[in-house]
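Chain naming here is simple, since letters A, B, ... match the order of the sequence lines and numbering starts at 1 in each.
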Amino acid sequence: MITEATKARFAREVAKYPPEQRQSAVMACLSIVQQEQGWVSQESEAVIAEYLGMPEIAVHEVTTFYNMYNQQPVGKYKLAVCTNLPCQLRGGNEALHHLEAKLGIKMGETTADGMFTLQQCECLGACADAPAMLVNDRSMCSFMANDKLDQLVDGLRMVEGQP
Amino acid sequence: MSKASQVLSQFQATGVQTCFHDRHIDPQIYAGLNGGNWSLKDYEARGGYAALRKILGKDGGEGLTQDQVIATVKESGLRGRGGAGFPTGLKWSFMPRQFPGQKHLVCNSDEGEPGTCKDRDILMYNPHIVIEGMIIAAYAMGISLGYNYIHGEIFQVYERFEAALEEARAAGYLGDKILGSTFSFQLHAHHGFGAYICGEETALLESLEGKKGQPRFKPPFPASFGLYGKPTTINNTETFAAVPWIIRNGGQAYLECGKPNNGGTKIFSVSGDVERPGNYEIPLGTPFSRLLELAGGVRKGRELKAVIPGGSSSPVLPASIMMECTMDYDSIAKAGSMLGSGAVIVMDDSRDMVESLLRLSYFYQHESCGQCTPCREGTGWLWRVVNRIQHGQGRPEDIELLDSVAFNIMGRTICALGDAAAMPVRAMIKHFRHEFEAKIQAASEAAAA
Ligand SMILES: NC(=O)C1=CN([C@@H]2O[C@H](COP(=O)(O)OP(=O)(O)OC[C@H]3O[C@@H](n4cnc5c(N)ncnc54)[C@H](O)[C@@H]3O)[C@@H](O)[C@H]2O)C=CC1
Ligand SMILES: Cc1cc2nc3c(=O)[nH]c(=O)nc-3n(C[C@H](O)[C@H](O)[C@H](O)COP(=O)(O)O)c2cc1C
Ligand code: SF4
Ligand code: FES
């Protein structure tokens, strides 16, 4: 279900483009849906297709082309750790392994309580802050040494009432 | 702010390490920033929007014509900061002047080249300098609509830029009849969502049109067939950010603070094995050894082994060659690499070059958009061969195989990603062949035993 409030957010994006180019807002609309629902379902794609006046398949092509759209539900917090070379030189892999051990999952998996999904990712554009990690597509976390990773995971667990 | 956002905000970068330090040399773009002074009134206090006032004749002077603005940018020697180093004034002069339809201006802030994080700090801590640069460019080329395409992963930067746009609109710098003149320009922000290839200008345009980001054939260049099929100029964030200073101080002054054919300052993102990774704004032509010093030298007092001087797409250079270079387009090109996006990836003597190349090869096969066979198949092939060399299954013929696969990608693809994947492989083999041979040798000895 897409609410009126969500449609208002869509409208703000659509307004940036010439009236005959509504399709330009597709990436923004998909990311709004992902922020609100955690992932992009086929149903959401259909709503966006109708809203923007484009074929559903064209929306789906966008969802599948860009790395950050979740094509399946993920944990409440998606942790994407950069392991590209500049980060690798400064502990990117160690950060990933530390989280694997701490969360008891392998990269690509979600914890059994549905709280965390762990991924490795490509350059986030924060290379001088390595190790860098992106949480839920929108929060960049810098200099993530092991103690910081612990603080972050523990802090989020606390917020979720899981001391 | 939700409780979860409060937790996450503790880990947000402050900019102190990468941008607000006193180790820039004659900075223009990063000058005087502290993280708290990004907003419009602070920017104006630093002399911001004076260049725009000057060209519009709102500072008591006569104003500048479109041709005068372009001539000034040409005179400055400003070259594209996105990587290719194409002369900016020349690019602007390609835009048809009397085109009857809509023309577009696009800023490329899709910074995704491994090692690069300079545009992020410009947009986060000095967003108005990019807005002012874009307004001036729009004026010079008679453009009334523009977009800034921002890397999807830096969403907080996108939000900051949108906030700055609001301020500029409210102050009359953006929108209809700017500062009471006859010139109008609308500017909006657009975010990506995780695709390195969208930094390539024509892929970016496809993406901005709401499609998969697959590059188009060039020519036609965007100047004739760009966004929505209309004439478009695309420049990098840092390129636009250089423009206000040039208009205020003159093209000659800009040229003089660099070296001939390499005008101005350039921001280098230094990452990897240095004591103080970060962004350093220094005049083009500064010796590499000086940049390394600013970054605190090689980490833990180790020896320098190699440097990738211009982002992961540029060929690696061994320490001995790098230490002789100055940081500018011509010097790095002469040494056999490229200044590229200015991402300086430093590697110390403990680094395994095969392992490093393996990670880069993985990246390129992952990010190939798949539309050209040599790139799609070739990048996967390169990765598999490097992978087996690294994991003790290399064969004696593999080095020649890598070189020939790389050679056969080069020049046979639609965009430069193919070359970007191939060139680093060939450079690694050229300069560090013995490391590949040693692994292959060890593999065959293990097999024989
Ligand atoms: N900043 C980053 O994150 C990254 C930067 N790069 C850099 O990108 C570079 C390659 O970029 P390309 O756009 O493929 O280079 P290019 O040489 O094709 O074009 C450079 C610019 O000049 C314009 N241009 C060139 N010849 C022209 C002509 N005859 N008429 C009109 N316009 C013309 C192009 O439109 C473009 O804007 C590489 O050198 C690499 O360093 C690559 C990956 C990421
Ligand atoms: C694979 C690939 C990725 C690129 N990524 C970027 C990028 O992130 N930012 C950028 O400004 N230019 C990037 N470029 C270069 C652009 O195509 C283009 O040359 C540049 O934006 C022009 O601006 P400039 O003349 O101001 O440098 C990339 C090129 C390629 C081939
Ligand atoms: S060279 Fe690679 S990334 Fe570029 S268009 Fe061809 S397949 Fe796509
Ligand atoms: S390499 Fe990790 S953020 Fe760039």
Side-chain angles (χ1 to χ4, degrees), chain A residues 13 15-18 20-28 30-31 34 52 54 58 61-62 64-69 76-77 80 83-90 121-130 132-144 148 151-152 155-156 158-160, chain B residues 3-13 17-18 102 111-117 119-120 145 147 151-156 188-196 207-213 228 269-273 277-279 308 312 343 345-347 351 356 359-360 363 366-367 369:
Chain A
E13 298 302 326
K16 295 176 179 176
Y17 308 95
E20 66 285 6
Q21 305 291 353
R22 292 172 70 87
Q23 175 167 350
S24 283
V26 66
M27 294 181 70
L30 285 167
S31 97
Q34 174 150 311
L52 297 177
M54 60 193 279
E61 273 186 1
V62 171
T64 52
F65 186 82
Y66 298 89
N67 294 321
M68 286 164 65
Y69 293 115
K76 184 153 187 194
Y77 297 100
T83 57
N84 207 309
L85 181 61
C87 277
Q88 185 181 85
L89 297 172
R90 299 189 77 87
C121 68
E122 295 305 335
C123 180
L124 294 167
C127 323
D129 302 357
M133 175 169 94
L134 185 64
V135 181
N136 283 353
D137 312 321
R138 295 187 179 213
S139 299
M140 186 76 74
C141 299
S142 293
F143 304 109
M144 298 308 284
K148 298 266 219 86
Q151 279 170 33
L152 182 138
L156 290 175
M158 191 91 81
V159 166
E160 299 298 334
Chain B
K3 284 192 173 148
S5 325
Q6 270 173 28
V7 171
L8 295 172
S9 67
Q10 298 164 36
F11 304 97
Q12 200 176 330
Q17 293 91 334
T18 55
Q102 180 76 57
E111 181 171 71
E113 174 83 344
T116 322
C117 53
D119 297 339
R120 171 195 69 163
L145 178 60
Y147 295 94
H151 197 218
E153 286 84 339
I154 50 173
F155 203 83
Q156 289 140 321
H188 303 282
H190 179 108
H191 68 74
F193 222 59
Y196 167 68
S207 181
L208 198 44
E209 292 178 2
K211 302 174 193 154
K212 293 187 286 190
Y228 309 129
S269 303
V270 184
S271 65
D273 295 321
N279 288 317
I308 301 178
S312 62
I345 307 171
V346 176
M347 290 186 270
R351 296 303 173 183
S356 302
R359 187 60 185 85
L360 292 181
F363 171 67
H366 186 264
E367 297 298 321
C369 85

So how far is it from [X] [atom1] to [Y] [atom2], rounded to the nearest 0.5 Å?
X        : Y        : atom1 : atom2 : value
A/Glu122 : B/Glu367 : CD    : CD    : 5.5 Å
A/Leu85  : B/Leu360 : CG    : CG    : 5.0 Å
B/Gln12  : A/Cys141 : CD    : SG    : 8.5 Å
B/Leu145 : A/Lys16  : CG    : NZ    : 12.5 Å

Side chain from CB out, backbone as N, CA, C, O: work out which of these in [X] comes under 4.5 Å of a heavy atom of chain B, or both, or neither.
X        : result
A/Ala58  : neither
A/Ala130 : neither
A/Glu20  : neither
A/Cys121 : backbone

I want to check something: taking the side chain as every heavy atom from C-beta on, are [X] and [Y] in contact at a cut-off of under 4.5 Å?
X        : Y        : result
B/Pro114 : A/Asn84  : yes
B/Phe11  : A/Met133 : no
B/Lys211 : A/Gln23  : yes
B/Ile154 : A/Leu124 : no

Between B/Gly192, B/Ala13, B/Ser5, B/Ser9, the one whose heavy-atom pairs under 4.5 Å with chain A are most numerous: B/Ala13
Option that, when pairs with chain A are counted at under 4.5 Å, heavy atom only, ranks first among B/Ala189, B/Ser269, B/Gly272: B/Gly272
Starting from the C-alpha separation in whole Å, work towards a yes-or-no answer on side chain to side chain contact (heavy atoms under 4.5 Å, CB included) for B/His366 and A/Asn67. CA-CA 10 Å; B/His366 186 264; A/Asn67 294 321; 3.8 Å; yes
Considering all heavy atoms of both residues, which atom of [X] and which atom of [Y] are nearest to each other, and what is their separation?
X        : Y        : result
B/Leu8   : A/Leu156 : CD2-CD1, 4.2 Å
B/Gly115 : A/Cys127 : N-SG, 3.1 Å
A/Met27  : B/His191 : CE-O, 3.8 Å
A/Gln34  : B/Phe193 : NE2-CE2, 3.8 Å
B/Pro277 : A/Arg90  : CG-CZ, 3.4 Å
A/Asp137 : B/Phe155 : O-CB, 4.0 Å

Which atoms of [X] are under 4.5 Å from chain A, going by heavy atoms: the side chain, the backbone, both sets, or neither?
X        : value
B/Gln6   : neither
B/Thr18  : side chain
B/Gln156 : both
B/Tyr147 : side chain

Considering residues at least two apart in sequence or located in another chain, which fulfil the ring pair (Phe, Tyr, Trp, His ring centres under 6.0 Å) criterion with A/Tyr77? A/Phe116
Top residue by heavy-atom pair count (under 4.5 Å) with chain B, among [options]?
options                     : answer
A/Thr64, A/Val62, A/Leu30   : A/Val62
A/Leu134, A/Leu52, A/Asn136 : A/Leu134
A/Glu160, A/Gln88, A/Met54  : A/Gln88

Would a distance-only check, ignoring hydrogens and angles, find a side-chain to backbone donor-acceptor pair under 3.5 Å from A/Tyr66 to B/Gly152? no
Partners meeting side-chain contact (heavy atoms from CB on, under 4.5 Å) with A/Ser24 (sequence neighbours left out): A/Tyr17, A/Gln21, B/Tyr228
Carboxylate-amine/guanidinium contact A/Arg138 B/Glu153, below 4.0 Å: no
Does the pair A/Phe65 and B/Ser207 meet the rule for a side chain to side chain contact (heavy atoms under 4.5 Å, CB included), with working shown? CA-CA 10 Å; A/Phe65 186 82; B/Ser207 181; over 6 Å; no
Side chains of B/Arg359 and A/Thr83: is there a donor and an acceptor less than 3.5 Å apart? yes
